[in-house]
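Heads up, the thing below is written out as structure tokens.
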2 protein chains.
Amino acid sequence: MDANIVKILVSSPIFHDISPSQLDIMLDCLKPKINTYNKNSYIAVQGEPYTGLGILLSGEAAIIKESASGSRVIMTVIGPGELFGEMIAFSPRKHWPASVSAQSTCAVMFLPPEKIIGECTQACGGYKQLIKNILVLLSTKALMLNQRVEYLAIKGMREKISIYLLEQYKINQKNTFVLPLKRNELADFLSVSRTALSRELGRMRDEGIIEFYRTSVKINNLALLRRGAE
Amino acid sequence: MDANIVKILVSSPIFHDISPSQLDIMLDCLKPKINTYNKNSYIAVQGEPYTGLGILLSGEAAIIKESASGSRVIMTVIGPGELFGEMIAFSPRKHWPASVSAQSTCAVMFLPPEKIIGECTQACGGYKQLIKNILVLLSTKALMLNQRVEYLAIKGMREKISIYLLEQYKINQKNTFVLPLKRNELADFLSVSRTALSRELGRMRDEGIIEFYRTSVKINNLALLRRGAE
DNA sequence: CACTTTAGGTAGCTATAGCTACCGATTTTT
DNA sequence: AAAAATCGGTAGCTATAGCTACCTAAAGTG
């Protein structure tokens, strides 16, 4: 196996804590397929049969959701070492729920999921670690999505902002802190329009609840902020 | 191990396709703790240290999210054989992200997650199946959450409804079909108010796009429905 | 079978948040 | 350092969807 590929793989979360020599043995077991794709070609097409757990070895790829009406929305962009299709790998679904498009020339390694829960239990030392890594990846993903759902389900701008700020306050343990997201990104995360977000932040400032400048925030009245979270 | 408990466990998705005899051997390995809880007592408390993957053996339990301001929202109610805390088990988090409350007298079995990815690889025959089951559970959960996020992120009642109906149409492959959700549940799933949902459905009927009675729907104008999905 | 409960449709009112537009400040690019 | 792009706040207008209230139909319940 190419030394460059090994280097990317050991840095990938799916092979975390697996040594290059173990990796080499495992790849022999897993029999992955490696394909290359030209810029703007499809690595996977939404609705078509699942081709395996993908690991991007080089290039950049976009996960794209194509709606029934034909519009395309970029969900995320991934880089070398990152995975795609990890949610489908062990689910009963057998088709890609989204398309993956090469933004530049890409090399991709596909692992057949059956092989991962397959026979080589005893032979490969890193096998247990691989399973552990996949379990960590999947549960982290599920937790992230769960948090996302919680925020999206919140009705009301004031409530969303209040809960978000309270969470940040809890993380930082200080009245003054810097938000990890810019306004645009925050609006996106909370699934509201940026302007409406800014407006409400302004109102909260006028009411003496918070002060802010760009991404830095100071909580002036914690009680009122808590009230805003209902 | 009690025969009744074994009966519940083999029907649980986490021990799917594992025979009672295999299960017996595995439980010896896994060393689960079984606790009972009185009605209205806490099985797990949000924010406190994680106590393991929970399997409800008997009774009913509610997963409750307690907000910073003290309000409590029931997320789901689970019954015998169902799991909780499966997302945290393999994630780096070490605290309960929600509380679990016994709605009636409950017996709960806790599996220590370290044991699952632990030593008894060779000894237990059902071990591989257990891992497979957990992978299926987690990825199914992630996919469900992902789908949920997609719906919640959609702006506009008409769009949400249209996309939902198109998905149902795709599943049923017929112009007339029965929705799997009642109005209330559908409103909840799409995170809109029931009245606004009914109103928009009425509008779509007036425009000749659909017909409906209760949970049965007939698509009269697929092109217009597609247009509504943008 | 009468009674209650749940499910669902409709209407009117109103608060909310989205959108457009614009402007100043900051950061990045050349 | 000038130019361009990004970031963020503000204002006004408007469409949307939430809420209350009410009513009818269906489904459970005694």
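Values below: all heavy atoms of this structure, side chains included; hydrogens, waters and symmetry mates excluded. Residue numbers begin at 1 in each chain, while the letters A, B, ... track the order of the sequences. Computed from a predicted model, the values in this text were never measured in an experiment.
Spacing between atom CD1 of B:I161 and atom P of C:dG8 amounts to 14 Å, rounded to whole angstrom units. In this structure, CZ of B:R183 is placed 13 Å from C1' of C:dT10, rounded to the nearest angstrom. The CZ-P distance, from A:R214 to D:dC7, rounds to 9 Å in whole Å. Regarding B:D206, its CG atom lies at a distance of 12 Å from the C1' atom of C:dG9, rounded to whole Å.
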task = Assess whether side chain to side chain contact (heavy atoms under 4.5 Å, CB included) is satisfied between B:K155 and A:S191, documenting all intermediate values.
result = CA-CA 9 Å; B:K155 298 276 162 214; A:S191 187; 3.4 Å; yes
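Checking A:L53, A:I8, A:N35, A:L9 one by one against A:M109, the side chain to side chain contact (heavy atoms under 4.5 Å, CB included) holds for a single residue, A:L9.
Note: B:F84 and B:F110 have perpendicular aromatic rings, judged against thresholds of 30 and 60 degrees for the angle between ring planes.
In this structure A:E207 satisfies the salt bridge (Lys or Arg N to Asp or Glu O under 4.0 Å) test together with A:R158, sequence neighbours excluded.
Checking C:dT10, C:dA7, D:dG8 against every side-chain atom of B:N184, the shortest atom distance belongs to C:dA7.
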ask   = Going 5' to 3' along nucleotides 12-23 of chain C, which nucleotides have protein heavy atoms under 4.0 Å from the base (write B), which only from the sugar-phosphate (write S), and which from neither (write -)?
value = B----BBBBB--
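Between A:Y213 and D:dG8, a side-chain N or O to OP1/OP2 separation shorter than 4.0 Å is absent.
A distance-only check finds no donor-acceptor pair linking the side chain of B:N38 to the backbone of B:S41 [under 3.5 Å].
Environment of NZ in B:K94: crowded, with over 12 heavy atoms of neighbouring residues, nucleotides or ligands closer than 6.0 Å.
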